[in-house]
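Note sheet for the following structure.
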Amino acid sequence: MTRFVDVHNMVRWAAANGPENIIAGMIEYLESDFRRWESFDKSPRVASHTPFGVIELMPTSDHETYGFKYVNGHPSNPARGFQTVTAFGVLADVHNGYPTFLTEMTVLTALRTAATSAMVARKLARPDSSVMAMIGTGSQSEFQALAFRSALGITALKIWDTDPAALEKFVRNMTPLGFDITVASSAAGTVQGADIITTCTADKANATILTADVIEPGVHINAIGGDCPGKTELDAAVLELGDVFVEFTPQTRIEGEIQQMPADFAVTEFWQVLRGQAPGRVSAEQVTIFDSVGFAIEDFSALRYIRDAVVGTEYYEEIDLVANPEDPKDLFGLVGALSPVGT
Ligand code: NAD
């Protein structure tokens, strides 16, 4: 049987445990998997592009467990009543290839993306950071805010979105949770005096959410919205202001902000910083940029985390996903047993 977490159970589990606690736990799993980077199969994700958006498969394996996520990215979806990003994911046992765990991953992706951003910022942002600018207050944004409070103690937020309803929704959701929120009137106004900038917008375009002239020394930029060919958020000159950190270079060169740069533009893979094999932040004035696109190992960590966390709880069910005849060579016997005699 395969363990299955549906949306109903995912939401109940997240509410019962608290997103901040989950994100803190997930960061531990992420760090442990990033530290054993070379033990994973790695490849850029497999993408199918259409004029509407993209559908992607994100596989990896540590040769004990195989995992993949199915995820879409459709920036025009909210205007049609659908979400920009939805997902589900699977873990399987490499010894027999059977899927052991299946879960919704729309909510889980928001938690894992936030946990990844916070893991990286904990290493790269100035330790005295206290104010975060957030540009784009859609589905991912509240999770990002909670992750930065959980990992870095950030409670002061300056926010901006071109959609007033998205700003209103963010204020409504987050003010009761104790955040001190200032609504700005432009992206440039948001970043003034901020220690960390999170860009989290969705537009299938080479957008220029931020230009180099508004970036102050010492800031950490957590750029998560540019994650597809032809879909970026930062002016290319911003990337020249400091040091760029990525998840998996071959994928980020295709999908990240650095798709705008020459193929030999220098970047550092974050796992090397985590392991002390490459420098991260080296001065208080340095600008650090996390060019996040989302990588399969992060989904693997998130899947492992929830698989372990729901053991012994009411938040999963067992489903009959794999046809498993008693005689492994008699698959037809399953069907034949139910066929009317003589037909
Ligand atoms: P969403 O559609 O719910 O929210 C995006 C918000 O950006 C909307 O409120 C929109 O009004 C706003 N926006 C668009 N253009 C803007 C602009 N020029 N200035 C200010 N605001 C603007 O999308 P979401 O689910 O929150 O995802 C946000 C982005 O993050 C998407 O591009 C998605 O593909 C990406 N994403 C990345 C990762 C990762 O791992 N890096 C993971 C999940 C999602």
Side-chain angles (χ1 to χ4, degrees), residues 26 30 45 47 49 52-56 58 69 71-87 89 105-120 133-145 147 158-171 173 183-191 197-211 214 221-235 245-248 251-252 254-258 270 289-299 301-302:
M26 215 177 259
L30 280 162
R45 56 188 155 197
H49 296 276
F52 311 106
V54 63
I55 294 178
E56 297 165 324
M58 303 173 69
K69 180 168 84 173
V71 62
N72 77 301
H74 285 63
S76 60
N77 263 0
R80 299 183 292 152
F82 306 115
Q83 284 191 97
T84 297
V85 175
T86 68
M105 283 192 81
T106 305
V107 174
L108 196 65
T109 292
L111 290 162
R112 84 79 154 111
T113 303
T116 304
S117 288
M119 166 182 73
V120 171
M134 299 191 70
I135 305 169
T137 55
S139 291
Q140 309 301 316
S141 60
E142 289 91 346
F143 296 89
Q144 289 282 325
K158 295 172 76 181
I159 63 170
W160 170 242
D161 195 293
T162 43
D163 176 9
L167 286 167
E168 226 171 87
K169 173 227 51 169
F170 185 93
V171 171
N173 282 341
V183 179
S185 53
S186 68
T190 315
V191 305
I197 301 168
T198 289
T199 55
C200 191
T201 65
D203 195 1
K204 186 95 174 76
N206 290 116
T208 309
I209 307 294
L210 289 174
T211 49
V214 302
I221 303 176
N222 169 44
I224 74 158
D227 59 357
C228 215
K231 178 165 171 268
T232 54
E233 295 180 301
L234 306 178
D235 188 278
F245 299 83
V246 302
E247 291 140 316
F248 178 57
Q251 182 177 311
T252 311
I254 299 167
E255 302 179 350
E257 297 299 326
I258 58 167
F270 178 73
I289 301 153
F290 177 38
D291 184 1
S292 163
V293 293
F295 187 53
I297 293 175
E298 293 151 23
D299 298 307
S301 308

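This is a predicted model, so every value here is computed, not measured. For ligands, and for the atoms within them, numbers begin at 1 and follow the listed sequence. Residue numbers count from 1 along this sequence.
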Which segment of [X] sits under 4.0 Å of ligand 1 when only heavy atoms are counted:
{"X": "Thr113", "answer": "side chain"}
{"X": "Val293", "answer": "backbone"}
{"X": "Thr84", "answer": "side chain"}
{"X": "Lys231", "answer": "side chain"}
{"X": "Ala202", "answer": "both"}
{"X": "Ile224", "answer": "both"}

Original post:
Given the rule in the salt bridge (charged side-chain N to carboxylate O under 4.0 Å, His left out) test, do Asp299 and Arg112 qualify, once you have shown the distances and angles that lead to the verdict?
Top reply: CA-CA 7 Å; Asp299 298 307; Arg112 84 79 154 111; 2.8 Å; yes

Say whether [X], considering both its backbone and side-chain N or O atoms, lies within less than 3.5 Å of an N or O atom on ligand 1.
{"X": "Ser139", "result": "yes"}
{"X": "Ile209", "result": "no"}
{"X": "Trp160", "result": "no"}

Could you work out, for [atom], the closest of [options] by heavy-atom distance?
{"atom": "atom 8 (C) of ligand 1", "options": "Asp163, Thr137, Asp161", "answer": "Asp161"}
{"atom": "atom 31 (C) of ligand 1", "options": "Val85, Thr190, Thr201", "answer": "Thr201"}
{"atom": "atom 25 (O) of ligand 1", "options": "Glu247, Gln140, Lys169, His74", "answer": "Gln140"}

Are any of the heavy atoms in [X] under 4.0 Å away from ligand 1?
{"X": "Glu233", "answer": "no"}
{"X": "Glu298", "answer": "no"}
{"X": "Cys200", "answer": "yes"}

Subject >> Ala166 neighbourhood, listing ligand 1 atoms whose heavy-atom distance to it stays under 4.0 Å >> reply: 9 (O)

Original post:
Among protein heavy atoms, which sits nearest to atom 21 (N) of ligand 1, and what does the distance come to when rounded to 0.1 Å?
Top reply: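 For atom 21 (N) of ligand 1, the nearest protein heavy atom is Thr162 N, 3.4 Å.
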
Original post:
Angle class for the Phe290/Phe270 ring planes (parallel below 30°, perpendicular above 60°, tilted otherwise)?
Top reply: tilted

Subject >> Criterion side-chain hydrogen bond (donor to acceptor under 3.5 Å, both in side chains) against Asn72, the qualifying member of Thr84, Thr106, Thr86 >> reply: Thr86

Original post:
Among Thr208, Asn206, Thr201, which residue meets the side-chain hydrogen bond (donor to acceptor under 3.5 Å, both in side chains) test with Glu233?
Top reply: Thr201

Original post:
Between the main-chain N or O of Thr137 and the side-chain N or O of Asp161, is there a donor-acceptor pair closer than 3.5 Å?
Top reply: yes

Subject >> Basic-acidic side-chain contact under 4.0 Å: Lys231, Glu255 >> reply: no

